[in-house]
J.: 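Before anything else, here's the structure in question.
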Number of protein chains: 2
Amino acid sequence: MQKLEEHISEVSFPKGHILLRANKVESSIYFIKKGIARLYTQTPDNEITFLFCKEGDTLMSLKSYVTGQKGYEDVELLEDCELYQLKAEVLENLYQSDIHIANWGRKLAELELVKTEERFIARQFRTASERYHELLQLHPDLIQRVQLGHIASYLGISQVSLSRIRAEIR
Amino acid sequence: MQKLEEHISEVSFPKGHILLRANKVESSIYFIKKGIARLYTQTPDNEITFLFCKEGDTLMSLKSYVTGQKGYEDVELLEDCELYQLKAEVLENLYQSDIHIANWGRKLAELELVKTEERFIARQFRTASERYHELLQLHPDLIQRVQLGHIASYLGISQVSLSRIRAEIR
DNA sequence: AAATAAATTTTACAAATGTTAAAAAATACT
DNA sequence: AGTATTTTTTAACATTTGTAAAATTTATTT
């Protein structure tokens, strides 16, 4: 960890800033100290928000980081953000020279993988309503901090559907 | 690779064999030499197939492998299978002692992660029909080798819906 | 080959979700 | 405070997908 910290710098960006761009090879990964961001892909007729990252999360263009190819997502900061920045190139060198860091990076990827697979499965056998209520349980702050259009996209439903779901209870 | 091979053994199981069990800590990971398997989770009213693994793929209970906790999936072999087996415990030791293997394991997880995320996003902005035709393009053999009930589950739709989609073209 | 079982398709209807447009509410700006 | 802008909700209708049951096809067994 100490060895990693030597190569990490701290950066800040205002709300609305586009941190990462689709179709670009991104050269850094970030750890969020403060703030929240959304990752989304552009499609012909709209945009799909597929992930939110907040305090404690790792933020990167996954495909870019893993394959060195162009990523498919834009990243927009939804609040003023304070981030820890680590250059991908530096990290790659550390992986090759330090076995502890290599295993840290492995664990990082593995844990993300479990999270993503679990979310994928949940999508397959929960109704939209169940997914909304689960999100409400696990990340109640998200619904406060992020506008509902993005939440709806994240849940894979239209904003109208989300409104209906929210109206059910009251 | 050579160092890995020393610890790998070859095993065979017949069609229908349940290779991995949900709610069990699984002690091995497998690489498929020949055959095909489906990973699925049991739910109160049915089962959800969320992944197929075939020749060249890595097969494991992901959560078990990563966290050492109970997994959530059963794995059924859909054909007679020949597998390479590697004990998780042995692998873990190799990770700690050999930086090349640690980075190989990291790459393994990272590439799976990109695949899973891309599939997750595709699920979010493609219609069921598009997903079926994409599967047909990318893995035409799957539709031949796996019964359609499982394919439907994998695509996240009912078997009736899948039948409708297949009927459209003809 | 006939009988049985399993898998797939079809049908009819119900429920969920999407689309478009408008209204209402909340937020930001001057 | 008042106006403009953005976000959220509501309404009406169209489309998609699901469920259950029957019909058909395919595979398996005797």
Side-chain angles (χ1 to χ4, degrees), chain A residues 14-18 36 38 40 43-50 52 76-80 120-136 140-170, chain B residues 14-18 36 38 40 43-50 52 76-80 120-136 140-170:
Chain A
K15 173 174 174 173
H17 178 71
I18 305 295
I36 192 164
R38 63 183 263 262
Y40 61 100
T43 72
D45 22 64
N46 59 8
E47 53 183 47
I48 314 283
T49 296
F50 64 91
F52 298 108
E76 178 192 4
L77 304 184
L78 300 177
E79 298 174 353
D80 296 345
F120 182 83
I121 295 170
R123 164 71 52 95
Q124 209 157 350
F125 72 94
R126 305 250 168 91
T127 64
S129 173
E130 287 170 335
R131 278 179 273 137
Y132 170 72
H133 291 296
E134 190 176 57
L135 183 66
L136 208 55
D141 58 317
L142 263 191
I143 279 84
Q144 305 303 320
R145 297 166 77 182
V146 176
Q147 68 190 52
L148 293 176
H150 295 151
I151 301 276
S153 176
Y154 175 81
L155 291 171
I157 55 179
S158 69
Q159 180 161 359
V160 174
S161 268
L162 180 54
S163 268
R164 276 194 282 246
I165 288 167
R166 285 161 58 84
E168 274 169 23
I169 346 140
R170 277 166 287 155
Chain B
K15 173 174 174 172
H17 178 71
I18 305 295
I36 191 164
R38 64 184 263 261
Y40 61 100
T43 73
D45 22 63
N46 59 8
E47 53 183 47
I48 313 281
T49 296
F50 63 91
F52 298 109
E76 178 193 3
L77 305 184
L78 300 177
E79 299 173 353
D80 296 345
F120 183 84
I121 295 170
R123 164 72 48 96
Q124 208 157 350
F125 72 94
R126 304 252 169 89
T127 63
S129 173
E130 287 170 334
R131 278 179 274 137
Y132 170 73
H133 291 297
E134 191 176 56
L135 183 67
L136 208 56
D141 59 318
L142 264 191
I143 279 87
Q144 305 302 321
R145 297 166 76 182
V146 176
Q147 68 190 52
L148 293 175
H150 296 151
I151 301 276
S153 175
Y154 175 81
L155 292 171
I157 56 180
S158 68
Q159 181 160 358
V160 174
S161 268
L162 180 54
S163 268
R164 276 193 281 245
I165 289 166
R166 285 162 58 84
E168 273 169 24
I169 345 138
R170 277 167 288 155

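Bear in mind the structure is a predicted one, so any value in this text is a computation, not a measurement. Proteins get letters first, then strands, A, B, ... in listed order; numbering begins at 1 in each.
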J.: List every contact pair, protein side and nucleotides 25-30 of chain D side both N or O, where the distance is under 3.5 Å.
T.:
none

J.: Less than 4.5 Å apart, side chain to side chain, heavy atoms only: is that true for A/K15 and A/D80?
T.: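 Yes, at least one pair of side-chain atoms sits under 4.5 Å.
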J.: So, for B/L155 and A/Q124, which heavy atoms are closest and what is the spacing to 0.1 Å?
T.: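 The pair with the smallest heavy-atom distance is N-NE2, 4.4 Å.
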J.: Does A/R166 make a side-chain N or O approach to OP1 or OP2 of D/dT8 shorter than 4.0 Å?
T.: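 Checking D/dT8 against A/R166, no side-chain N or O comes under 4.0 Å of OP1 or OP2.
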J.: For A/Q147 and D/dT9, what is the distance between atoms CD and C1' respectively, to the nearest whole Å?
T.: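 After rounding, the gap between these two atoms is 15 Å.
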J.: Mind running side-chain contact (heavy atoms from CB on, under 4.5 Å) on B/I165 and B/I157 for me, showing each step along the way?
T.: CA-CA 11 Å; B/I165 289 166; B/I157 56 180; 3.8 Å; yes
J.: With a 4.5 Å heavy-atom cut-off, do A/V146 and A/Y154 have their side chains touching?
T.: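 No, every pair of side-chain atoms sits at 4.5 Å or beyond.
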J.: Grab the CG-P distance between A/L155 and C/dA16 for me, whole Å please.
T.: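 Taking atom P of C/dA16 as the reference, CG of A/L155 is at 17 Å.
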J.: Can you see which heavy atom on A/H150 is nearest to which on A/F52, and at what distance?
T.: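 Taking A/H150 first and A/F52 second, the nearest heavy atoms are O-CZ, 3.8 Å.
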J.: Compare every heavy atom of B/E168 with every heavy atom of B/S129, then report the nearest pair and how far apart it is.
T.: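 Nearest heavy atoms, B/S129 then B/E168: OG-OE1, 3.8 Å.
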J.: Please give, in whole Å, the distance from C/dA16 P to A/E130 CD?
T.: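 For the pair A/E130 CD and C/dA16 P, the rounded distance is 11 Å.
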J.: Which heavy-atom pair separates A/L142 from A/I151 by the least distance, and what is that distance?
T.: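 So the two residues come closest at O-CD1, 4.0 Å.
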J.: Regarding A/R166 and A/Y132, is there a side-chain donor-to-acceptor distance under 3.5 Å anywhere?
T.: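 Looking only at side-chain atoms, A/Y132 and A/R166 do form a donor-acceptor pair, the distance falling under 3.5 Å.
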J.: Can you measure A/Y132 atom OH to C/dT17 atom P for me and round it to whole angstrom units?
T.: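 After rounding, the reported distance stands at 15 Å.
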J.: For nucleotides 16-24 of chain D, which of its nitrogen or oxygen atoms have a protein nitrogen or oxygen under 3.5 Å away, and what is each distance?
T.:
{"unit_1": "D/dG18", "atom_1": "OP1", "unit_2": "B/S158", "atom_2": "N", "d": "3.4"}
{"unit_1": "D/dG18", "atom_1": "OP2", "unit_2": "B/S158", "atom_2": "N", "d": "3.0"}
{"unit_1": "D/dG18", "atom_1": "OP2", "unit_2": "B/S158", "atom_2": "OG", "d": "3.0"}
{"unit_1": "D/dG18", "atom_1": "OP2", "unit_2": "B/S161", "atom_2": "OG", "d": "2.6"}
{"unit_1": "D/dG18", "atom_1": "N7", "unit_2": "B/R164", "atom_2": "NH2", "d": "2.7"}
{"unit_1": "D/dG18", "atom_1": "O6", "unit_2": "B/R164", "atom_2": "NH1", "d": "3.2"}

J.: Without decimals, in angstroms, what is the distance between A/E168 CD and D/dT10 C1'?
T.: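 Spelled out: CD on A/E168 to C1' on D/dT10 is 15 Å.
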